[in-house]
Amino acid sequence: MKFVCERDTLEKAVSTAYRAVASRAGALPVLSGLQASLSPGSVEFTGSDLELTIRSRVDAEVEGQGKAVLVARLLVDTLAKLPSGTRVQVEIGDDQAKIEAGRFRSELRTLAASDFPRLPEPEGDAVKVAGAPLSEGLRQVVPAASRDDARPILTGVLVASTAEGVRLVATDSYRLAVRDLAGISLLPEGQKVLVGAKGLGELQRLLGDEDVEVFLGERYVSFRLAHTEVSARLIEGDFPNYQQLIPSGYPNRLTVERDALVSAVERVSLVGGTNRDSAPIRLAMSADGLELSATAQDVGQSYEPVEAKYEGTDLTVAFNARFLLDGVEAAAASEITIESTDPLKPAVLRGGDSDFLYLLMPVRIA
């Protein structure tokens with residue numbers, strides 16, 4: 001069997017499915033490959049690490065039908081090096097695939113198709129959801145989820161139905177992001193599920209203005225777009241009671257222009273770094289406005305005042321610079337507010353309306 005396809009569309013489909021290929025195949029080496037399923041008029045590529053599965057379909061001239069598993073990394077790298085616009089022919093035999101494009105020829109060994117696991121198919125009735133608001137909500141919330149596999153509950157995003165629509169919540173115990181999406185009926189009333197943040201992050205990359213179909217099964221949730229389908233395993237367990245962490249009111253309130261704050265934080269934090277282990281950045285808030293400062297031993301220190309409006313008692317609080325930037329950048333508004341109680345209690349960052357909330361734990365400073 002073989003197929004012929006234009007290089008750019010083929011490379012896009014393969015790269016999309018490749019994002020779910022297992023980085024460490026472990027006991028199932030075939031998961032380092034991409035399953036190619038040939039049918040009349042199209043080829044579907046499937047990548048999976050068993051937690052996340054991405055299927056991406058491309059129109060092609062196809063001869064024969066069947067399935068084969070191609071070595072994913074080699075296929076991605078080969079297509080990336082081919083000239084744009086080239087017609088690519090892939091002929092699949094018993095244990096190898098011949099790739100031809102212009103004067104280029106390559107023969108790559110294939111993996112055993114019979115070893116490729118049976119992967120989840122969409123279950124239940126589809127619910128159609130607008131892609132643009134869902135994408136924006138995921139952009140704001142997913143970065144706050146934990147990446148520590150030792151704490152699997154926190155690697156997920158809580159998706160809960162509300163009276164107005166749906167709520168997305170994620171936390172890594174250092175920050176908490178909450179976004180309400182009004183008018184979106186993603187789940188039956190009163191239902192909530194915990195979905196792996198990795199899968200939702202990949203979905204967010206693919207979403208555009210078009211609607212997405214959502215299938216909620218017992219163990220997986222699937223999202224179907226025009227040429228792509230993303231399936232993520234549901235995480236079992238109880239999500240932390242995050243609502244008790246959000247105070248009903250704060251005595252101190254800072255209002256600052258978002259872009260000015262982002263630029264200043266990026267400059268000042270250079271001496272301490274902007275990764276998760278960076279030195280904290282201090283925010284000194286008073287009636288005169290906001291002063292940012294950062295100090296790193298053996299490196300130096302930086303300082304910059306930022307024009308802002310402040311209501312409350314003079315207060316200096318420190319945050320992880322990376323986590324602060326994530327919250328400020330997630331706020332889709334030209335002006336943001338930071339509400340706080342004291343240097344040891346979490347502060348709340350909001351942007352524009354009340355649909356988005358970002359709670360950030362402070363860093364203890366001397």
Side-chain angles (χ1 to χ4, degrees), residues 129-130 132-148 151-201 203-204 207 214 221 232 234-235 237-250 252-256 258 261 317 319-320 322-341 345-362:
V129 175
L134 180 60
S135 175
E136 177 63 4
L138 294 174
R139 182 191 72 81
Q140 294 176 302
V141 168
V142 167
S146 175
R147 300 170 189 172
D148 185 358
R151 308 175 72 184
I153 297 293
L154 299 187
T155 63
V157 173
L158 179 68
V159 182
S161 68
T162 65
E164 294 77 24
V166 68
R167 169 171 285 188
L168 308 175
V169 187
T171 181
D172 60 3
S173 75
Y174 300 104
R175 66 278 185 62
L176 168 78
V178 181
R179 174 63 199 268
D180 289 320
L181 297 171
I184 290 185
S185 299
L186 187 59
L187 299 172
E189 185 175 353
Q191 189 171 0
K192 58 185 177 183
V193 293
L194 192 55
V195 185
K198 179 184 176 183
L200 293 180
L203 173 66
Q204 194 271 327
L207 285 172
V214 183
V221 59
L234 300 179
I235 299 173
D238 295 326
F239 196 74
N241 182 9
Y242 67 92
Q243 291 174 315
Q244 66 178 2
L245 301 174
I246 306 172
S248 57
Y250 293 87
N252 307 305
R253 178 185 175 93
L254 178 81
T255 304
V256 60
R258 175 182 176 273
L261 180 59
V317 61
F319 298 112
N320 176 290
R322 179 67 265 163
F323 294 168
L324 176 61
L325 276 174
D326 285 347
V328 176
E329 290 172 344
S334 59
E335 194 172 71
I336 65 166
T337 62
I338 299 176
E339 298 173 310
S340 55
T341 301
K345 294 182 179 176
V348 165
L349 186 153
R350 302 178 193 270
D353 52 38
S354 60
D355 291 339
F356 173 69
L357 177 150
Y358 187 83
L359 185 143
L360 182 59
M361 292 297 295

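Because the structure is a prediction, the values reported are computed rather than measured. Below, each value reflects all heavy atoms present in this structure, side chains not excepted, and no hydrogens, waters or symmetry copies.
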Original post:
Would a distance-only check, ignoring hydrogens and angles, find a side-chain to backbone donor-acceptor pair under 3.5 Å from Arg175 to Pro143?
Top reply: yes
Original post:
Do Gln140 side-chain atoms and Ala330 backbone N/O form a donor-acceptor pair below 3.5 Å?
Top reply: yes
**OP:** List the atom of Pro346, the atom of Leu245, and the distance in Å for their closest heavy-atom pair.
**Re:** CG-O, 4.5 Å
**OP:** Determine the minimum heavy-atom distance between Ala170 and Val157, stating which atoms define it.
**Re:** CB-CG2, 4.1 Å
Subject >> More than 12 heavy atoms from other groups under 6.0 Å of CG on Asn241 >> reply: yes
Subject >> Spatial distance of atom CG (Asn320) from atom CG (Leu325) [nearest 0.5 Å] >> reply: 9.0 Å
Original post:
Is there a donor-acceptor contact under 3.5 Å from the side chain of Ser135 to the main chain of Ala132?
Top reply: no
**OP:** Rounded to the nearest 0.5 Å, what's the gap from CD1 on Ile184 to CG on Leu168? Could you check?
**Re:** 8.0 Å
Subject >> Where Ile235 and Gly156 come nearest, the two heavy atoms and their spacing >> reply: CD1-CA, 3.7 Å
**OP:** Sort out for me which residue in Lys192, Glu189, Arg167 forms a side-chain contact (heavy atoms from CB on, under 4.5 Å) with Thr162.
**Re:** Arg167
Original post:
Can you name the closest pair of heavy atoms from Gly199 and Ala232 and give their distance?
Top reply: CA-CB, 4.4 Å
**OP:** Give a yes or no on whether the backbone of Ala347 and the side-chain of Ser340 come within a donor-acceptor separation of less than 3.5 Å.
**Re:** no
**OP:** Mind checking the OG1-CZ spacing from Thr171 to Phe239? Nearest 0.5 Å is all I need.
**Re:** 6.0 Å
Original post:
What are the two closest heavy atoms between Asp172 and Ala145, and how far apart are they?
Top reply: CB-C, 4.0 Å
Original post:
With distance as the sole test, does Arg258 use its side chain to make a donor-acceptor pair with the main-chain N or O of Ala331 at under 3.5 Å?
Top reply: yes
Original post:
Considering residues at least two apart in sequence or located in another chain, which fulfil the salt bridge (charged side-chain N to carboxylate O under 4.0 Å, His left out) criterion with Glu329?
Top reply: Arg322
Subject >> Residue pair Val256 / Leu261: nearest heavy atoms and the distance that separates them >> reply: CG1-CD2, 3.8 Å
